[in-house]
Amino acid sequence: MSAPSPAKSKSKSARKALSPEAANLQRSILHYLKYKMGRDLESATRRDWWIATATAIRDRMIERGLDTYKAHRVGNVRRLYYLSLEYLIGRLMLNNLINLGLHEPLVEALADVGQDFEVVRAQEEDMGLGNGGLGRLAACYLDSLSTMDLPAVGYGIHYEFGLFRQEFVNGHQVEHPDNWLIYGAPWELVRPEFTQPVRLFGRCEQIFDDRGNFQWRWVDTKTILGFPFDIPVVGYGTKTVNILRLWASKATEDFDLKTFNDGGYIEAVREKAYGETISKVLYPNDKTENGKELRLVQQYFFVTCSLRDIIRRHFSNPANGWDNFADKVAIQLNDTHPALAVVELMRILLDEEGMAFERAWGIVTQVFAYTNHTLLPEALERWSVPLFQRVLPRHLLIVYQINDHLMALCEAKWPGDNEKKRVISLIEEGGPRAVRMANLSVVGSFAVNGVAELHTRLLRAQLFPEFDALYPGKFINVTNGITPRRWLRACNPRLSALINSKIGDAWPRDLDQLKKLEKWADDPKFQDEFMAIKRLNKLDLAAIIKRDCGVDVSPDALFDVQIKRLHEYKRQHLNLLHILALYRRLVQNPDLDLVPRVFVFAAKAAPGYDLAKAIIKSINAVAARVNHDPRVNGKLKVVFLPNYRVSLASRIIPAADLSEQISTAGKEASGTGNMKLALNGALTIGTLDGANVEIKEEVGDDNIFIFGLTVEEVQALRARGYNPWDYYHADEELRAVLDWLGSDYFVPGESPNLPAMVRASLLEGGDPYLALADFRAYCDAQARVDAAYRDRRRWARMAILNTARVGKFSSDRSIGEYADKIWKLKPVTVA
Ligand code: 26Q
């Protein structure tokens with residue numbers, strides 16, 4: 001329970017006159033405190049203050065939202081619809097204020113009634129409706145779409161429980177439900193008038209239509225409802241407020257009634273519960289968890305609600321029809337998760353609109369575009385045919401019809417080549433039959449993009465070479481980006497102020513302006529200011545580390561951070577092997593001259609991913625030893641911050657000196673944390689993977705620590721036959737640290753021995769991500785980091801040049817490319 005947070009009210013005479021904006025906001029906040037929360041200044045809790053404040057801010061967004069809606073409707077403009085199962089938004093209060101230009105007035109308004117803005121805003125729960133990179137990308141893109149005045153609607157699911165909250169118990173990850181809605185969600189508006197029916201299950205029958213033609217009918221379905229919540233998305237320094245519309249599932253009354261009248265009261269209540277289950281919880285996997293019916297139902301639920309809403313909006317203008325649908329509507333598929341939209345739009349056109357296949361397919365394939373986020377074959381979505389048939393029987397028939405069309409194209413291009421047909425087919429044969437959602441997405445879209453240059457190259461050459469030949473020009477690259485509003489302006493106010501003092505304040509809308517900082521890269525005074533800010537940010541993070549890990553760390557140590565989902569391919573265990581090597585060198589020689597380092601980890605593991613959880617446990621176990629070993633003498637600290645989420649990332653990133661981006665080359669599609677860290681002046685230690693390649697091109701070879709096998713070398717090594725034991729036997733230090741890890745030294749008496757399981761995955765398990773092959777090169781790169789950090793001037797210069805040279809990675813640049821190359825979308829100014 002949050003205790004009352006009484007106003008430490010100043011006497012009227014001591015108050016400075018409020019600015020008109022601040023007075024206005026204050027009036028509104030006090031109104032909601034009284035009439036929404038039922039509180040006065042004495043009884044209001046921090047949470048009451050937070051909700052009243054958010055509601056007052058929301059009012060300002062609604063006004064602009066109405067103007068935006070009007071401009072878009074009156075102009076009958078082309079819009080982008082972004083379909084994503086995930087939006088990892090984090091907290092909204094500070095970003096909304098900054099984007100509205102109301103940050104300072106609000107701080108003033110609250111201070112005047114004795115409330116500290118930082119305390120109030122800390123009450124907000126993160127909106128954690130996503131797993132990781134893909135979900136956060138969607139959130140950054142919404143920010144850019146509004147900022148660039150592009151007409152857009154985001155669609156997703158209003159999960160009642162977002163990504164689980166993570167706690168450590170004896171170093172083990174324990175998951176708790178994320179009940180983010182429990183105290184109310186003041187940003188959202190309910191829109192009951194746009195509720196949509198959703199049909200599921202049932203069977204198909206053939207009927208004759210009134211012209212004597214066969215038609216399919218989907219009958220005996222169950223119906224549930226999709227109920228929309230709107231979250232306004234305000235642009236930075238513009239009037240545009242787009243919306244994010246999230247669907248919650250509900251049971252229909254007649255759904256209950258029918259079963260009820262059939263005599264099954266218990267059945268009716270059970271089925272009602274099913275209706276409400278659909279939007280209950282986000283799947284916590286960030287690589288496909290295959291075959292779960294509920295996941296398929298979630299995908300279809302949100303896809304059909306969104307499509308019906310898009311169609312309703314289009315036809316609400318009497319000037320519109322199907323003939324201009326593709327002129328007004330572009331739909332982006334955020335990975336294959338919403339790919340059922342391709343089939344659902346076909347079903348609507350064929351069955352509800354009575355269109356012929358050719359015309360329907362012509363419309364569909366002018367509307368959709370697909371972003372691929374992974375090359376990992378095990379992460380490609382496939383749905384078993386029997387499951388698909390049970391949930392969506394009519395859609396399966398349409399998939400077959402699309403496949404017939406595809407096979408005809410394939411035959412025309414490669415006559416008689418059955419191998420080509422086998423790989424291109426929407427249906428995987430041989431073994432249990434499955435619908436390949438990636439193939440469906442490629443075929444149903446007019447454009448397919450990868451998320452970094454290297455990723456797109458591999459996508460074309462290795463994942464989809466046949467499709468690339470079949471559809472020349474369909475595959476393009478749009479390198480990911482991040483919003484500089486959240487990831488510099490809001491999260492790093494000190495650095496933002498320093499930048500403003502040098503180059504003005506236009507950079508949050510035009511990040512390439514940061515280039516102008518280059519001329520101070522060698523200026524000792526600027527270097528000192530830049531590094532002094534880094535030190536203050538490290539002090540702030542040190543307080544969080546003390547609070548959450550109970551460990552004291554020095555702001556003068558090098559802060560070495562790896563923050564991302566826990567995955568073997570991201571190789572947190574490679575980082576751990578290096579830590580063990582340093583630890584071993586130190587205990588064998590306590591006088592060893594090492595730059596003091598704090599290794600900071602933060603990561604959630606998918607609840608069913610045992611090895612990822614074993615890696616977490618291993619890092620925590622090593623941390624417990626290292627942090628308490630007097631021989632280390634404070635030169636090494638290892639901390640694993642629990643419950644990684646957007647709001648925690650915003651505290652870690654401004655404090656980082658070194659950014660660990662050490663995935664096996666060819667595995668990380670892009671990465672976006674790499675961009676956020678570089679923007680805040682952290683140097684990257686990384687492989688030539690994902691967007692690291694482009695970061696290197698931008699910052700220059702001297703300002704990044706690149707190591708390890710390239711994609712080509714990885715493939716050559718695998719072709720030769722990779723044997724981790726070769727590396728184990730050839731490298732004395734590697735062998736020692738692996739065996740140390742595999743002993744019970746770090747987990748005395750614990751069973752099962754999870755560090756031993758990590759060791760086994762690297763040796764007996766074959767080390768699928770080549771951690772041992774890159775170990776020595778990684779240690780060497782870390783030695784270069786150590787040497788560079790000793791030279792304070794050199795390090796400052798490198799850090800400044802990182803901030804100055806990563807303007808390319810603004811999500812405004814990414815969205816500009818999507819708008820030009822894919823969506824053909826023009827800005828619409830809102831009066
Ligand atoms: C699919 C089916 C069933 C259950 C879960 C899923 C699922 C959910 C989320 C599969 C994948 C994801 C998320 C993937 C993801 O975040 N990929 C990352 O996308 C970033 C943005 O493009 C890239 O920067 C990262 O490289 C990529 O790993």
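Note that the coordinates shown come from a computational prediction; the quantities given were computed from them, not determined experimentally. Note that ligands are numbered from 1 as they come in the structure, with each ligand's atoms numbered from 1 the same way. FYI, the numbering just counts along the sequence from 1.
- Nearest-heavy-atom check against atom 5 (C) of ligand 1 across I482, N285, L294, L85 picks out N285.
- Between R485 and D812 there is a salt bridge, since at least one side-chain N of the basic residue sits less than 4.0 Å from a carboxylate O of the acidic one.
- Residue-to-ligand polar distances keep G132 apart from ligand 1: every N/O pair is separated by 3.5 Å or more.
- Heavy atoms of K292 found under 4.0 angstrom from ligand 1: none, in either backbone or side chain.
- Judged by distance alone, with hydrogens and angles left aside, the side-chain atoms of H455 form a donor-acceptor pair with the main-chain N or O of N372 at under 3.5 Å.
- Looking at atom 24 (O) of ligand 1, its nearest protein heavy atom turns out to be G671 N, 2.8 Å.
- Classification of E668 and R571 as a salt-bridged pair fails, no side-chain N sitting under 4.0 Å from a carboxylate O.
- Of the protein's non-hydrogen atoms, the one nearest atom 22 (O) of ligand 1 is H373 ND1, 2.6 Å.
- We find that R805 and E698 are not joined by a salt bridge, their nearest charged nitrogen and carboxylate oxygen being 4.0 Å or further apart.
- For atom 25 (C) of ligand 1, the nearest non-hydrogen atom of the protein is E668 OE1, 3.3 Å.
- Contacts between Y569 and ligand 1, counted as non-hydrogen atom pairs separated by less than 4.0 Å, involve the side chain only.
- Closest to atom 3 (C) of ligand 1, if we only count protein heavy atoms, is R295 NE, 3.2 Å.
- Remark: ligand 1 and D286 share no N or O pair separated by less than 3.5 Å (distance only, no angle test).
- No more than 12 heavy-atom neighbours from other residues, nucleotides or ligands sit within 6.0 angstrom of NZ on K292.
- In this structure, F302 has its ring center no closer than 6.0 Å to that of H337.
- With hydrogens left out, the protein atom closest to atom 9 (C) of ligand 1 is E86 OE2, 3.1 Å, a heavy atom.
- Atom CZ of R651 has 12 or fewer heavy atoms from other residues, nucleotides or ligands within 6.0 Å.
- What you find for D143 and V233 is that their closest heavy atoms are N-CG1, 4.2 Å.
- Among protein heavy atoms, the minimum distance from atom 18 (C) of ligand 1 is reached at L134 N, 4.0 Å.
- Checked by distance only, ligand 1 and S670 come closer than 3.5 Å through their nitrogen or oxygen atoms.
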- [ ] Under the salt bridge (charged side-chain N to carboxylate O under 4.0 Å, His left out) rule, what do K667 and E568 come out as? Steps first, then yes or no, please.
- [x] CA-CA 10 Å; K667 297 296 179 190; E568 290 165 272; over 6 Å; no
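- Between Y300 and H395, the ring centre distance stays below 6.0 Å.
- The contact set between ligand 1 and A669, taken as ligand atoms under 4.0 Å from a residue heavy atom, comprises 26 (O).
- Annotation: N480 places an N or O atom under 3.5 Å from an N or O atom of ligand 1; distance criterion only.
- Around atom 10 (C) of ligand 1, the closest heavy atom drawn from R136, H337, Q299 belongs to H337.
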